[in-house]
Every structure is written in structure tokens, then in C-alpha cells.
Asks: 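Take a look at this one; I'll ask things after.
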There are 4 protein chains.
Amino acid sequence: MSSASLTPRKAPRQARAVATVEAIAQAATQLLRENGLAAMTTNAVAARAGVSIGSLYQYFPNRDALMVELIRREQRGHVERVRAALVLCEELDLEATVRLLVRAAMGHHRADALLASAIDHEEARLPVDAIIAETLAEGGALLMHLFSRFRDEIGPLDPARAARTLPALVRSVVDAWANLAQSELEVAEEEAVQAVLGYLCIYRRLAA
Amino acid sequence: MSSASLTPRKAPRQARAVATVEAIAQAATQLLRENGLAAMTTNAVAARAGVSIGSLYQYFPNRDALMVELIRREQRGHVERVRAALVLCEELDLEATVRLLVRAAMGHHRADALLASAIDHEEARLPVDAIIAETLAEGGALLMHLFSRFRDEIGPLDPARAARTLPALVRSVVDAWANLAQSELEVAEEEAVQAVLGYLCIYRRLAA
Amino acid sequence: MSSASLTPRKAPRQARAVATVEAIAQAATQLLRENGLAAMTTNAVAARAGVSIGSLYQYFPNRDALMVELIRREQRGHVERVRAALVLCEELDLEATVRLLVRAAMGHHRADALLASAIDHEEARLPVDAIIAETLAEGGALLMHLFSRFRDEIGPLDPARAARTLPALVRSVVDAWANLAQSELEVAEEEAVQAVLGYLCIYRRLAA
Amino acid sequence: MSSASLTPRKAPRQARAVATVEAIAQAATQLLRENGLAAMTTNAVAARAGVSIGSLYQYFPNRDALMVELIRREQRGHVERVRAALVLCEELDLEATVRLLVRAAMGHHRADALLASAIDHEEARLPVDAIIAETLAEGGALLMHLFSRFRDEIGPLDPARAARTLPALVRSVVDAWANLAQSELEVAEEEAVQAVLGYLCIYRRLAA
DNA sequence: TATGAATGAGTGTTCATTCAT
DNA sequence: CATGAATGAACACTCATTCAT
């Protein structure tokens, strides 16, 4: 439909340029979080970032290209957060590990419902399959490593499938229980953990 | 923020007025499905519905009010679809029942990723808590009735929790596998069924 | 410019029709008083009057025709108010008479700044010269009668001129001191009386 | 009611920006003068000014803000015109001075009835008390200086009152006689001069 | 006659994008 | 390279007016 490129117009070479791109991405994320898609106008982003609108267009050929960059960063953030969590739980058992991963996801999504659903909608609209595929590949690798530790407890799983299903599962449960009072967050965590453990079929093996 | 009402401006009294409101809602849904939030402009909706823009504003005081009506219809649709499916599977066992419910959800969501995420984002932005609460209550009642049939096979569940968690769970898995080739739809169905059955702890009882 | 007639579409013959026209004029005046020109939409007038928009257009061919009717009523009201006041002050001396007339004008204009300026602006825009000429003629006759009572105290005046100048003079002073606290209304009255008496040259004769 | 700011959105920094703002204000005044409030649409203003509608909104956050700017200019214009006239009549006697001031006001108002009543109506609707107060203060100072020259001829006056009453008085008389044929303009001038001199009580002193 | 659903040109306003400086 | 003034298509929404019922 639109023939305009969605890739950044040029890679920032100088340090100052890197900082500019960083400021733009940060500003866009803030605006998205605070007031949703409608608030992320290119002029507002430039103003919040402290750069001129002209500069923004130096680095991003159009609004969608900026959006794609945000999606890229969000995806990378997901992977890194999981990678970090996995380091922390190398000694833990399966349930504790799952609980820790769920808690990490919750900490990120709670009160960010607007940002999350905004990015979701733009993911559905923009051609970002390649970016998501990359995330899935990296996530799959991480999960494969994790599953190998618990291969005796969980059912027979296809890591490629699980890498796609599990994050969605966690996110949806967290979202569904999102804007709750602090006192009920434990319920959300419990539900998510139960869903994940259930999906992992830990009881099926026991039953066999 | 905005003090404008989000309730319909007036109820259609004459028959042709009912048809007008219906056409508007249909047109809005179509546009959302085809090109996302940005395509659902009030003028485009009126044009697609074959009515004048003035007529749209006779019944909806603003764009958000129309959006709220779409959310209301979507929620009601979810409930009715589940209610219908439950009638069809009164004789089936648990796994078959779950599979049928999942299939119903898939039929609706496949290729509707844009519509779904659009409505999601607007739900996060608009004050529709009351509408969602009503859906949860009705859905909870339906599930409670369903669970009673399988009380010997599933783990101990809080129906109020399950009414919130289960639909989110199905939807997210379906969404995550949404824009796939026909050949892989079976995978999506398999994943969703496994997630639901896992959440329902059917294997835990076997293990006991 | 616009060739549409500004005269009422038809004289109301039945009693019910008279009541309808009356209700419409009342409603329009209320809306003008409350929120100015922008609030006097034909639909709002019909709703406030409790008649359908179709009925409004039965009696007034367009919005300007309604506006002209309001101007006509306002002008007639001015004349009648002066006529009534003159009856009350047949025994009073000049200054007391002027004060009474000023007070009548003030009672009418205070807190009606929006209505007054709205009608003013429409008078400037619409072809209502004939209506205003009629008012001036009637007002001139009244003043001539009044002046004859005080012919020994006031300077040589052309009643035709005075009929145009004096009302404007009173109104402007009242307007200029309009939205004042109750405590300062006396000041406004004093200023208006002084202006009128000054214009009437009562001191010139004394000086002669 | 409306919380939107009525102050200019940003001060023009570059020279061409100053020209843009000036062109917008000029165009708005022209349209008001020619066809009244209804003609002063933002799009018409931009077109007449020869700038894009976007440029108008760079400098004025909304239509009312532009209107406020026009009121500000009108008020400032009144003051400056009086100030200029006062310089010209430093040698003249009281009646000649008044006549000159009245003539200045007439030159401005004649054939501008639409502009004047439009601004009047908007002054009644918009929160411009501060602007008007400033005008009154400056005008009062000018009058005080003028009165001191004629303190022996005029009655005892409160300059603060006179600063409010006198301009209103002149304006209303001029307005009342506004759309007259050239031949009758002398009448209007005569009436206004008589009203002002009368208000100033010049004959009262003679009578004492 | 009275009704009110329907109309659509026209309003105020926004915002992605360009380009002269 | 950076700036920010300028652009104008497109948006949400209004309202005088018509006309089938």
C-alpha cells in the first residue's frame, strides 16, 4: 500500500546522533504510555525529546518508521528481560522459576496497559513479521535451554511452539487482571502461574 | 478528561432509524476489521453505511460513543457465541467441549486481528468498566454451569476467576497464532486446547 | 444577497398557532439571553419551545426571519416600557422623570448584556430599517409629549433627533456600567441621569 | 466552560512570522467589517490573509484567541486615537476639543457598525475583563490630563467614572446615527458634541 | 398539519510532512 | 546538519433546512 520505507533513514554515526535517536524513542514511549496512540504525534515526540521536528525526520522517514523502531525495542526488551530472569533462577525449581518469570512480566505490564495495547495494535497494522520472527527465534532458544533443565517434569513440548504460545499466555492473563487494586495482584500472579504450569503439562507426566 | 456523554444520543423510534443505527455499527466494524483504528473515521463510517454524516451524529454524540457501542456489541457477541456453543456440546466430554469452544473463538478471531487489537486499545482508553463487568458476570454464570458437568475431572476452580482468565487465555493464544497459513491452524487449535485443559488442572486430579 | 423572505411565513390564524409562535419567540429569547447568538440554533429553539423543528419552519421561513421577529418584539417592548413609565410619572418633575425612565431601562438591561448585544449585532446585519424607523417615530411622539410638559426647563430640542439619541445614550451608559456589583449600580444610574439631563441642556436655559 | 487558553500560542520569532500574524489580524478585521461575525471563519481568515489554515493555528490556539487579539487591538486603537487627537488640540478651547475627539471617533466608526457590534458581542461573551480594565486605566489618565486644562469650565467630575462613561456615550450616539447619508453626518456630530458637553456640565457652572 | 429522521455543506481544528533559512 | 515556519488534506462535529410519513 504505502511505498515509503519503514527502516530508519540512516544509522546515526556520531555520538550526538545516537543520543538524538535515543531521546526520540524515549519521548515516543512516554507519550504512548501516558495518553495512548493519539498522543504520539510526531510534533509532540520532537518537542518532548527536545529536538526539532526536522531532526526527527532526519532519522525516521515517517511516523510508521518510528513506530516500528518502538516495536523493535519492545521486542528486544522482552527477550532481554527473560534472559536476565533466567540467570537469576538457575538454582530454582520449576514452579519458582515460572513464578519469577511471571512476576517479571507483571512488573512490566502493570499500569502500562495503554502502552501495551498501543504497541499491540500497531504490530497488527505494520509489516513487522521479520522483527517478531527474530524475537520468537531468540525466545525459543532461551526456552529450549530452560526446558532442558526440567525435562523430567514437563510434558513433551515443541519449544518453537511454546516460544510463541507462552508469552502470549502470560501477557493475556496479566492484562485481563491488569487495573486491579494492589491487594488483588496476588490473584493475577496465581492465575498466570497456574496457566503456565498447566500448559507445561507438569501433571500429565505425573499421571502417566 | 472529557465530560461528553458516551451513551447513545437518542434511541431510534421509527423502523428506518433502527436500520440506520444497525448500518452504522456494521460499517464501523467493517472498517475497523479492514484497516484498523485509523480507518474508522466518522465520515468513512457514514459513507460505508450509506447514510449521511449528520445521521450518524443523530444517534451517537461523538466517535467514542460509537466505539463504546461497538465494544458493547463485541462483548455481547462473545457471550452469545459461548452460550450457543454450550448448547451444541451438552453431550460431549471435557476435551471435546473445550475444543469446540476454542474452535468457535478461532472462527471469530482468525483474520480479525486488526479488529480485535483495535477494540482492545479502545477498551483500555475508554471508561467501559461497567460493560466489561456485565460480560464477566454473564460469562461466569455460563462457566459455572459448564464446570458443574465436569466437576469430577477438573481441579478446584474459582468460577469468578476462571470467567476472567479463560477467555483472555483463549483469545491470546488464538491471536498469537492468528495470521497463519491455513495449514497451521491446527497447531493454533492444539495450543489453545492444551492451554485451557492445563489451566483446568485436569492432570492434577489424575496425579492425586 | 439572500432573496429569501424575512417576513413570517403566515399569520397564525388559530389560537393554537398563536401559542406556538409565542412559545418559539420566548424560547429563542431565553437561549439568546443564556448563551448568546451561538446558542440560538433553530433546533434548540424548537426543542426549548416544545415544538418540532418542522413546526418552526411552518411559521418562519428561515432563521433570519425568526431573528427579525425577535428584533420587532424587542423594539416594541422598548416603546411600551417607555409608554408605561410615562404614565407613572405624570406628576413628577423633570429630574425625577428622567431618573424613573433610566431606572426602567436599567432593570431591563442589567444581566441581559448577552441578549442586548446579540440583538444589536443582528440589527446591524439584517435589513430592519423599517422596523427601527417605526420605533423611532413612536418614541419621538412620546418624547414630544413629554418635552412639552417641561418646555420651560429644557433647551431647544428637535424631538426627532432626541428620539434617536436619547435611548442610545441611556443604553450605552447602562451597558458600560453593566456587570457591576449591586453596590455600584447607583453610580451607573447617576451617570445615566447626568448624561441625559446634560443632553437636555437644562443648565443652558438657567445660564441664559 | 472552555478551559482552552485564549492567549497566543507562541510569539512569532522570525520576521516572516510577524508578517503572518499581522496578515491574519488584518484579514479577520476585514471580514468582520464586511459581513459580521458569521463571516469570520478561521478558514476564511486564513484564505484572506494569504496563509494556510495551519499557519493560523500556529499562532492562535483557537478562534476565540484570535477574537481576543482583535479586541486587544481595537482597545489599543481607541486609546492611541484619543492620545493622538489630544496632541492636536492642545491649543483649542473645550468645545473645539470635544468636537475634534468626536470627529475622530466618527471617522473610525462610520460604516463600521458591523465591526463594532461584532466586537461588542464577543466582548460580552469572552473573558476580556483584564484587557478592558487596562484600556479604562489608560483612558482615565488621558482624560484626567485633559480635564485639568478645563477645570474652570466643567462641573465637578470623577475622572474614573468619566473614563468609562464618556467613550460609551460617544460611541453609542455615533452608532445610533451610523448608517446615514453623508448629508446628515453633521447632525450626528452635533448630537454627540451636545451629549458630551452636557455630561460635562459646562452649563451648570454658568448657572451657579 | 405536525412530526422528526435525514441531509450535507461548512465549521473549527489537527498533524504528518516539507523546505527555505 | 538543525531549525521551525509553513502547508493542506483530512478529521470530528454542527446546524439550517427539507420532506416522507
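Chain naming here is simple, since letters A, B, ... match the order of the sequence lines and numbering starts at 1 in each.
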Asks: Partners of C/Thr41 by side chain to side chain donor-acceptor pair (under 3.5 Å), sequence neighbours excluded?
Replies: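 C/Thr41 satisfies side chain to side chain donor-acceptor pair (under 3.5 Å) with no residue once adjacent residues are dropped.
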
Asks: Quick one: is C/Ser52 getting a side-chain N or O under 4.0 Å of the E/dA2 phosphate, OP1 or OP2?
Replies: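 So the side chain of C/Ser52 is outside the cut-off, no N or O lying under 4.0 Å from OP1 or OP2 of E/dA2.
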
Asks: Could you work out, with side chain to side chain contact (heavy atoms under 4.5 Å, CB included) as the rule, every residue matching B/Tyr59, not counting sequence neighbours?
Replies: B/Lys10, B/Pro12, B/Ala17, B/Thr20, B/Val21

Asks: Who pairs with A/Gln30 by side chain to side chain donor-acceptor pair (under 3.5 Å), at least two apart in sequence or on another chain?
Replies: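 Per chain and number, A/Gln30 pairs via side chain to side chain donor-acceptor pair (under 3.5 Å) with A/Arg48.
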
Asks: With sequence neighbours excluded, what pairs up with A/Ala23 under the side chain to side chain contact (heavy atoms under 4.5 Å, CB included) test?
Replies: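 Once residues adjacent in sequence are excluded, the partners of A/Ala23 under the side chain to side chain contact (heavy atoms under 4.5 Å, CB included) criterion are A/Ala49.
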
Asks: Who pairs with A/Arg125 by side chain to side chain contact (heavy atoms under 4.5 Å, CB included), at least two apart in sequence or on another chain?
Replies: A/Asp64, A/Glu122, B/Leu114

Asks: Scan nucleotides 13-21 of chain E nucleotide by nucleotide, 5' to 3', and note B when protein non-hydrogen atoms come under 4.0 Å of the base, S if they reach only the sugar-phosphate, - if neither.
Replies: BBSBBB---

Asks: State which residues pass salt bridge (charged side-chain N to carboxylate O under 4.0 Å, His left out) with D/Glu69; sequence neighbours excluded, sorted by chain then number.
Replies: D/Arg72, D/Arg73

Asks: Within the structure, does a side-chain N or O atom of A/Ser55 lie under 4.0 Å from either OP1 or OP2 of F/dT3?
Replies: yes

Asks: What stems involve DNA chain F, if each pair must be Watson-Crick or G-U and both of its distances must be under 3.5 Å, with 3 or more such pairs in a row?
Replies: E:2-21 with F:2-21

Asks: Please report the closest heavy-atom contact between D/Ile24 and D/Phe60, naming both atoms and the distance.
Replies: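 Residues D/Ile24 and D/Phe60, closest heavy atoms: CG2-CE1, 3.9 Å.
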
Asks: Applying a 4.0 Å non-hydrogen cut-off, can you work out what D/Phe60 is touching in the nucleic acid: base, sugar-phosphate, or nothing?
Replies: nothing

Asks: Tell me, which of residues 21-30 of chain B have any heavy atom that sits under 4.0 Å from an atom in DNA chain E?
Replies: none

Asks: How long is the line joining OH of A/Tyr59 and C1' of F/dT3, in whole Å?
Replies: 13 Å

Asks: Restricting to side chain to side chain contact (heavy atoms under 4.5 Å, CB included), what partner residues turn up for C/Pro61, sequence neighbours left out?
Replies: C/Arg9, C/Ala65

Asks: Side chain to side chain donor-acceptor pair (under 3.5 Å) with C/Asp120: which residues, sequence neighbours excluded?
Replies: C/Arg171

Asks: Taking only residues two or more places apart in sequence or in another chain, which ones pass side chain to side chain donor-acceptor pair (under 3.5 Å) with C/Glu123?
Replies: C/Gln75

